[in-house]
Amino acid sequence: MAERKIIFSLIIFSLFVTGMYNNSFNCIKVHCKALENNYTFIQKTAGAGIPVMAMVKADGYGHGMVMAAKAFERAGCATFGVAELCEAVLLRQAGIPGDIYVTIGFSEEDAGAIFQYDLIPVIYSYEAAQALSKKAAALGQKIGVHVKVDSGMGRLGLFPTDLSTFVDSISGLPGIEIAGVMSHFPESDNPAVKSTIKNFEMFSAACRGLKNRFAGISHIANSGAVLNFPDTYCDMVRAGIALYGYHPAGRVGSLKLDAGNLIPAMSFVSRILQVKTVPAGTWISYGHTCQTEQETRLAVLPVGYEDGYSRLLSNRGQVLIQGHRVPILGRICMNMCMVDVSGLEGLKAGDEVILLGRQGQENITADEIAAEMGSISYEVLCLLGNNNQRKYIE
Ligand SMILES: *Cc1c(COP(=O)(O)O)cnc(C)c1O
């Protein structure tokens, strides 16, 4: 009896301890209403007859795959896209209904899971078709597949000129039918570039070449095409970055959108660890890449590249404190970085720091951070979102 009591107390105690101590200084806040707003805007842009596949790969571009999918679902979404099979299975296990596309293929030994979880496979090889057909025959079921075409992306898929032969080659396989043909644009974020129209013509010609051997749908438009190329919507569009509140072309693109149409859903909040004043001539952080020119007030932050705040932001990035922009001094460390808060009064350890998002009148976007890193908002969202605790604001 006494033993049981001890074990029980230990369990209660450990729950108490983990419940108390599992909060990081750093927190990603995901604003669910923004996700819903963005889905509604993209659906309105695509038009009523055209479903929007919400791309939720990469853990929902850092926003949390399941929670993002649920937000889009509340806004009316019934079609979801991920890269890998394992992501699709997680969505189903979390109770996400509707169509779930696995867009980069699957291992043949995993073909069974496609049926078990009622997923939609994208294929680009005879072997994948054969594996699905075998499984379909064994289960006495039929499966619809989407064929991936490479119409100018230079990435995954069949060449448009090979589509017809491929379709013929798998037409004899039992239990399998072609439910769709899809491709992807490399430059649709820029409305001035000619490749999008060329790529689309190649894709359309390949689809037309199937004539009466194909009764499925076709889809190619990503966020860039939804915003810039309405003639490419086909039967469905697939949006990613726009649903998370960013224009695929970065700041340049956002300027052309009416403010408020796309609302960034992610912010990154931290707090000050220590405030201290250092004399002129003090070297700051690893490598001594920064030396103070005058007496300087420093704030040490518990944010580093381990938290997705890239080392490329060393001596470049800015953060918001008391509604003001303050610059990063020196190298970003693994778990810490320093900012110059010389102009600010009354700062103390524990005060709020915004690394991404709004504070007062100021706003730091993923586009801004990306520009400092020589990257794109997509990467910033994945890095910050997927390396920190997330909180969801309804
Ligand atoms: C990620 C992805 C998209 C979405 O791209 P965005 O530029 O984020 O809109 C569309 N289609 C496929 C196949 C993708 O992998």
Side-chain angles (χ1 to χ4, degrees), residues 35 38-39 41-43 45-46 50-63 65 68-69 72 77 79-88 91 99-106 119-124 145-158 180-191 193 195-196 199-200 203 217-230 232-250 252-254 257 261-262 264-266 366-367 370 375-383 385-386:
L35 297 175
N38 299 336
Y39 187 86
F41 172 69
I42 292 299
Q43 179 64 80
T45 306
I50 300 193
V52 177
M53 183 193 300
M55 297 306 298
V56 293
K57 64 194 184 216
D59 214 352
Y61 289 44
H63 296 68
M65 177 177 68
F72 299 140
C77 181
T79 312
F80 303 91
V82 291
E84 294 205 54
L85 178 70
C86 56
E87 301 173 277
L91 278 179
D99 290 345
I100 301 180
Y101 287 73
V102 177
T103 62
I104 70 170
F106 56 93
L119 307 173
I120 301 176
V122 171
I123 65 165
Y124 41 85
V145 301
H146 288 234
V147 178
K148 181 72 181 275
V149 172
D150 176 4
S151 56
M153 177 73 186
R155 201 173 68 176
L156 193 64
L158 306 163
V181 177
M182 66 181 281
S183 188
H184 193 58
F185 287 128
E187 294 190 296
S188 60
D189 56 313
N190 185 345
V193 165
S195 75
T196 303
N199 293 171
F200 185 63
F203 175 66
I217 65 169
S218 60
H219 47 110
I220 185 168
N222 49 7
S223 294
V226 172
L227 298 168
N228 296 326
F229 295 94
T232 67
Y233 292 171
C234 300
D235 302 303
M236 174 161 73
V237 299
R238 306 185 306 264
I241 197 69
L243 298 181
Y244 302 98
Y246 284 92
H247 194 289
V252 192
S254 309
L257 273 178
N261 282 340
L262 295 180
M266 184 188 291
D367 287 324
S375 184
I376 52 176
S377 63
Y378 299 66
E379 186 182 8
V380 172
L381 297 174
C382 289
L383 280 173
N386 289 334

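Whatever order the structure lists them in is the order used to number ligands and atoms, beginning at 1. Quick caveat: nothing in here was measured; it's all calculated off a predicted structure.
- Residues satisfying the ring pair (Phe, Tyr, Trp, His ring centres under 6.0 Å) test with Tyr233, not counting sequence neighbours, are none.
- Remark: Asn199 engages Ser151, Phe185, Pro186, Ser195 in a side-chain contact (heavy atoms from CB on, under 4.5 Å) (not counting sequence neighbours).
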### Task
Show the numbers, then the answer: is there a side-chain contact (heavy atoms from CB on, under 4.5 Å) between Cys234 and Phe200?
CA-CA 10 Å; Cys234 300; Phe200 185 63; 3.6 Å; yes

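- Residues that satisfy the side-chain contact (heavy atoms from CB on, under 4.5 Å) test with Asp367, not counting sequence neighbours, are Tyr246, Arg251, Ser254, Thr365, Ser377.
- Under a 3.5 Å cut-off, the side chain of Tyr61 and the backbone N or O of Leu243 do not form any donor-acceptor pair.
- Not one N or O on the side chain of Thr232 forms a donor-acceptor pair closer than 3.5 Å with the backbone of Ala221.
- Protein residues lining ligand 1, listed by chain and number: Met55, Lys57, Tyr61, His184, Asn222, Ser223, Arg238, Ala239, Gly240, Ile241, Tyr378 [non-hydrogen atoms, distance under 4.0 Å].
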